[in-house]
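What follows is a single structure, written as structure tokens, with notes after it.
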Amino acid sequence: MIALLALCAGAAEPVTLPSRPAVAPVATVAVPGEVEPLRALLLAYHDRDLPGRDAILANGGLPALRWLATHEDRVGVRVRALRLLATHGPDAAVCTGAIDDAHPKAVVAAGLACLSALPPPDAAVLERVRAARADADPRVAGAAKRAVERWR
Amino acid sequence: MLLALLLSCRPTPPADCPDAPWVDGTVEVTSALEWDDATGIYVGETSTFALPDDVVSFAATVDLPGVQTAFARVRFAGRTWIDASLAEGDGAWWSEPYFHWAGSGATVVAPIDADSAPSGGCLELQPAALDPGEARLVLTVRTGGTQTPTIDVNVVLVGDTELFQEDLDEAVAVATRAWTSGGGPSIGEVATYRIEGDAILDYRDSTALRATVVDPDREDALNLFFVTDYADASGTLGEAGGIPGPIGVQGVDEAGVIIALDPHRRANGTIDTQLLGEVVAHEAGHQLGLFHTTESDGSRTEPLAGTPACPADADRNGDGYWVASECVDYDGTNFMFWVAASFDQDVVAPEQGFVLARSPIARGRR
Ligand SMILES: [Zn+2]
């Protein structure tokens, strides 16, 4: 009945991690004082603790959310700001600004999700979203597909 | 004569469970779960084990892949700690100190606070689940010393997830600095692996990912699965497999912590290794049995009486969220606070350190 634990061979391969390349520092925009309270909430360890509408409004509201969705340096916070913006007050300029290829893929995907909460964009933006369906990153491709589907 | 000598070397069986097997290491038992009217769940046979006098801690997990499992009953050190037949009071599900409930790979560890340190004697464990099936009960018992404890980790990169050695080293140093500041363990050997899979993880695949057998020779190491991001919950920093989650065993639902790297990056792609280290310390803390010191709404589901709590009047702006800066004089700098901060969260309360240092997967000197 009682047996020593014996598991089958593992599927994991030991690896050596590469060294970190030098990366030029990028100047970041200082977080305005009126944005800091909302930023503090978006640092939640767990998604379930992200603020609801009332807490967003009590901590700088949509202007603070738009600032974080546009300027925040930390990818996780910016993505969360875009996700909350999509739910509580999507802004075409902010959402479109986030889908620029220069941004990290997580930000682009969140920007696409943000855009999809709005009516269909103009032809040029729509074309960019359609093209993003073929992106190699599944977050971007999936968000673009869902956006196009929603606008159909 | 020889037989008599051998017999004299064996420890005296506990009087309450003279036939129970001694456990020092890991054992498993399988049990068919059948409906039980008293608890309203499916339960298996109660297994009884004898814990040696020098027991430091144990972890027990009920494994039934894809099913929400639980413990119907846990009894040791002369006290019933979990009893699913009770609606309320000591031992009832959701009562202190375990706040136990059904979940994938349900696990209990002892100690989970200063009072639940196990002692030599009988340990009774009754597995349960919300669905019927043949469940595995896996028990890991730690004996020996508790001085200068260490916990080894298995860093597992999923798919083409990228992590640089320096980033990992810095994050491990941050986590170690935090844990040891409160008497907890340092992170010991770090082994790195890569497994096939999606670097962009669907949330629903989290349980299956954690059930990976990483390295059968390093079952007592904590599994940290690194993915690039969650596909459907981008922004999530990381997630433990339970409070506590399965430890000391691999190939079981929820047996490890998942860390998503992209949310830790800055716009130029570099990793914020201070945040990464704090997330490793925090999520591993959950996996080893620690709760948040204060929840986002100021409430407290935390059995450690000695851990500071943020008081009700700390929510100065009245928004219903107790953020780290509002609680900085209490537990806002604690690594198990519910939200990260713009300042370091590297404080570990002594009772948190006690639980971490005695974790069944920690090793220590006598
Ligand atoms: Zn947490």
Side-chain angles (χ1 to χ4, degrees), chain A residues 1-21 23-26 28 31 36-37 39-52 54-55 58-59 72-80 82-83 103-107 109-110 113 137-139 142, chain B residues 21 26-30 138 154 156-157 163-168 191-196 198 200 212-216 219 229 231 233-239 249-251 262-270 272 275 279 282-283 296 317-321 323-325 338-342:
Chain A
M1 190 76 159
I2 295 175
L4 280 176
L5 194 64
L7 289 170
C8 57
E13 292 292 325
V15 290
T16 302
L17 301 186
S19 286
R20 182 171 60 198
V23 175
V26 174
T28 55
V31 180
E36 193 53 59
R39 186 177 187 276
L41 288 172
L42 300 199
L43 290 170
Y45 282 108
H46 309 288
D47 266 14
R48 64 171 182 269
D49 290 322
L50 289 175
D54 289 348
N59 288 282
E72 167 62 32
D73 185 45
R74 196 176 278 167
V75 169
V77 173
R78 189 170 178 192
V79 165
R80 283 174 160 178
L82 283 159
R83 283 170 52 197
H103 296 312
K105 294 292 187 183
V107 171
D137 189 293
R139 290 167 294 184
Chain B
T26 300
V27 295
E28 74 169 62
V29 182
T30 56
V138 184
N154 296 324
V156 186
L157 305 183
L163 178 63
F164 297 123
Q165 186 66 52
E166 291 84 353
D167 288 335
L168 176 60
T192 50
Y193 305 85
R194 189 176 293 282
I195 59 171
E196 290 181 5
D198 293 329
I200 310 293
T212 305
V213 177
V214 174
D215 186 341
E219 290 219 81
D229 203 357
S234 186
T236 298
L237 296 164
E239 200 174 31
V249 58
Q250 297 177 8
D262 270 5
H264 294 83
R265 294 186 194 279
R266 304 180 187 91
N268 69 354
T270 58
D272 180 340
L275 177 66
V279 168
H282 180 99
E283 299 303 336
S296 58
N317 67 352
D319 67 348
Y321 285 78
V323 295
S325 59
W338 71 272
V339 63
S342 53

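On a predicted model such as this, the values are computed, not experimentally measured, just so you know.
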Among [options], which has the most heavy-atom pairs under 4.5 Å with chain A?
options                            : result
E239(B), E283(B), H264(B), E166(B) : E166(B)
V156(B), V323(B), L163(B)          : L163(B)
D229(B), L237(B), T192(B), D319(B) : T192(B)
I195(B), N268(B), L168(B)          : N268(B)

Name the region of [X], side chain, backbone, both or neither, that has any atom closer than 4.5 Å to a heavy atom of chain B.
X       : result
R83(A)  : side chain
A110(A) : neither
A113(A) : neither
V15(A)  : both
P18(A)  : both
D49(A)  : both
P37(A)  : neither
R20(A)  : both
L50(A)  : backbone

Does any heavy atom of chain A fall under 4.5 Å from the side chain of [X], the backbone, both, or neither of them?
X       : result
E196(B) : neither
V279(B) : both
S325(B) : neither
A233(B) : both
N317(B) : side chain

Q. Got I200(B) and P138(A) here, is their nearest side-chain heavy-atom distance under 4.5 Å?
A.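 SC-SC contact between I200(B) and P138(A) confirmed.
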Could you give the distance from [atom1] ([X]) to [atom2] ([Y]), rounded to the nearest 0.5 Å?
X       : Y       : atom1 : atom2 : result
R265(B) : D73(A)  : CZ    : CG    : 13.0 Å
R74(A)  : D262(B) : CZ    : CG    : 14.0 Å
E36(A)  : S342(B) : CD    : OG    : 5.0 Å

Please find the pair of heavy atoms, one from [X] and one from [Y], that lie closest to each other, and give the distance.
X       : Y       : value
Q165(B) : L17(A)  : OE1-CB, 3.5 Å
A106(A) : S234(B) : CB-OG, 3.9 Å
P51(A)  : Y321(B) : CA-OH, 3.3 Å

Q: Name the orientation class of the two ring planes belonging to H282(B) and Y45(A) (parallel below 30°, tilted from 30 to 60°, perpendicular beyond 60°).
A: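 Parallel, since the angle between the ring planes stays under 30°.
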Q) What residue, out of V107(A), D54(A), N59(A), has the most heavy-atom pairs lying under 4.5 Å from chain B? A)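 Going by pairs under 4.5 Å, I would pick N59(A).
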